[in-house]
Amino acid sequence: MSRAPITVTNLTGGYNGTAVIHNCNMQIAAGEIVVIMGGSGSGKSTFLRHLIGLKPPMEGDVQLFGESLYSVDEIARLRLLKGIGVAFQSGALLSSLTVAENVALPLIEHSELDRETIGVIVRMKLDFVGLLGKEDLLPSELSGGMLKRVAVARAIALDPRLTFMDEPSAGLDPVVAAALDELIIKLRDTLGMSVAVVTHELESAFKIADRIVVLDRGHIIFSGSVAEIKASSNQRIQNLINRIAEDEEFDPETHLRRLVGEA
Amino acid sequence: MEQRLDRLAQRVADTGLTAIQFVAFVGQAIRLIMQSFHLLVRGPSIGQPVRLRHVVEEIISGGIQSLPVVILMAATIGIMLSIQGIHSLRIFGAETQVSFGLALSIPREFAPLITGIIVAGRSGSQLASRIGSMRLNGEIDALTVMGISPVRFIVAPALIGLLISLPILVAVATVASLTAGQLYIEATIGIASQAFWADVLSVVTMVDLAHCFGKAVLFAFLISLIGIVMGLGVSGGAEVLGRATTSSVVTCIGAIIAADTAVALLL
Ligand SMILES: Nc1ncnc2c1ncn2[C@@H]1O[C@H](COP(=O)(O)OP(=O)(O)O)[C@@H](O)[C@H]1O
Ligand SMILES: [Mg+2]
């Protein structure tokens, strides 16, 4: 049995019996930054939900640190999930708690640390994401970008060995986004953390990725280094990295019919 | 004719769907009860302790804050019952027996019912909207991936909080209602408070008190579980949340009245 932070084996999943993710295999090694890319609707968010224990797969398995995530009971699954951090796209902070309380939550619930130590760690993590001084604000008082960054601070509160981030830098201003990229690299280099990042931002992906995984209509069609993806001759991958829309071919006749409601 | 049949089929299908939803609802409610009590007992040893602080917060938000309304409504009911009691007993020249009427109806019927309805309107809807917006916002998922069981963090405290606060509120309502009635009776037909309370104590039995607190516990289960299950069922957008909140109130009050009637008929 492998002890890799995460191993995905023959994963097929989706909604109400309709597969959206098809037979995906992926592994992330310790200290590796993997960027998951793909066009809109390619299944990135669905894939992520399968990986973080929120969605039992239709087929296949997900293992965290060598333990199967979905063949255990709920309490055991929750115990496994304590070992990972997740920063959701919209933050998903608890709206009744302040910024500091949100970041402190995993520490309070899963560590034996005293209040004072927790306070210090919380301020360190907020400093990491450039939000020192915002401890007492409520999530409703933060901008979208700030919410994302608090979510990152909360995800890394316990220094997990594996962290997931969904579109962490989308919508951030370039300076903050660059700082976040630096942070991800620092987490890998200093803590040996593995990070899985879902992103649209090519530049950021090329900067941080040890490996890029490309999802296309629910299939993993590529997994390799930045150099390899740039050299890839696959048309769909070239489209993706050159930002060419993935539309079917444009046929004026059909288009016209669609407009007048005949097709 | 065909249209009629279609409509009939639709009606049957709708009824079937409602029945399935009802069964699913009951199933989920029972599962949540079992999980809550399991975590209450076993939580500390499996890393999922139900926090006392959360239960206390629920007792305060679900119970203490309803106290003024409950007292006011209960007192009003006590006075109404006294007015009506004196009025109708006077026909038989028996208005001095009014205290027995209050003693037999308030603890057993009116205090639990009025308290249940008020708390359903406040806590039931509050639970549905709070949990529903946590769902929409991804907070429930966030708790799960943090390894925090949403049942022990949200569901169990809400359920246990209401199981504690509703009986207390019902007790307060009973006392407030009887006291208001007593004050009115003393003021109008001059029955002294000692005589009133002696009458009350002479007729109220343990069975009445069992009804009083049994209903409080039953209503607490109904209100919290309806609020929680409806909140957890929210997905999509804000208008779904609004609908869940509103229908939780209607459902809670309907369930309370149905349960109250069932208890009155069966026991
Ligand atoms: N809740 C849902 N129910 C049914 N289908 C869904 C749901 N969420 C997403 N999908 C479908 O799954 C596919 C992948 O969506 P998603 O994982 O959100 O892609 P991405 O995050 O890459 O944009 C899409 O075709 C989308 O329509
Ligand atoms: Mg997405």
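In what follows, chains are A, B, ... by sequence order, proteins preceding strands, each numbered from 1. Keep in mind that what you see is a predicted model, and the values were worked out from it rather than measured.
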Would you indicate whether the side-chain heavy atoms of A:Ile75 and B:Gln48 approach each other to under 4.5 Å?
->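 Yes, at least one pair of side-chain atoms sits under 4.5 Å.
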Check [X] against [Y] and note the closest heavy-atom contact, atom names and distance.
X	Y	result
A:Ala92	B:Gly138	CB-O, 3.5 Å
A:Arg49	B:Asp141	NH1-OD2, 3.0 Å
A:Leu94	B:Met134	CD2-CE, 4.1 Å
A:Pro106	B:Met146	CG-SD, 3.7 Å
B:Thr144	A:Leu78	O-CD2, 3.6 Å

Contact origin within [X] toward chain A - heavy atom pairs under 4.5 Å:
X	value
B:Leu143	side chain
B:Arg135	neither
B:Arg51	side chain

Before giving the answer on side chain to side chain contact (heavy atoms under 4.5 Å, CB included), spell out for B:Val145 and A:Phe88 the whole-Å C-alpha distance, their side-chain angles and the decisive distance to 0.1 Å.
-> CA-CA 10 Å; B:Val145 298; A:Phe88 287 92; 3.6 Å; yes
I need the residue from [options] with the largest number of non-hydrogen atom pairs under 4.5 Å to chain B.
options	answer
A:Gly53, A:Ser95, A:Ser90	A:Ser95
A:Glu74, A:His110, A:Arg79	A:His110
A:Ile84, A:Leu80, A:Leu105	A:Leu105

Taking everything shown except [X] itself, do over 12 heavy atoms lie less than 6.0 Å from its [atom1]?
X	atom1	answer
B:Met73	CE	no
A:Lys134	NZ	no
A:Glu59	CD	no

In terms of heavy-atom proximity below 4.5 Å to chain B, should A:Ile52 be classed as side chain, backbone, both, or neither?
->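 It is both, since atoms from each part get that close.
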What part of A:Leu54 lies closer than 4.5 angstrom to a heavy atom of chain B: side chain, backbone, both or neither?
->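 Side chain only.
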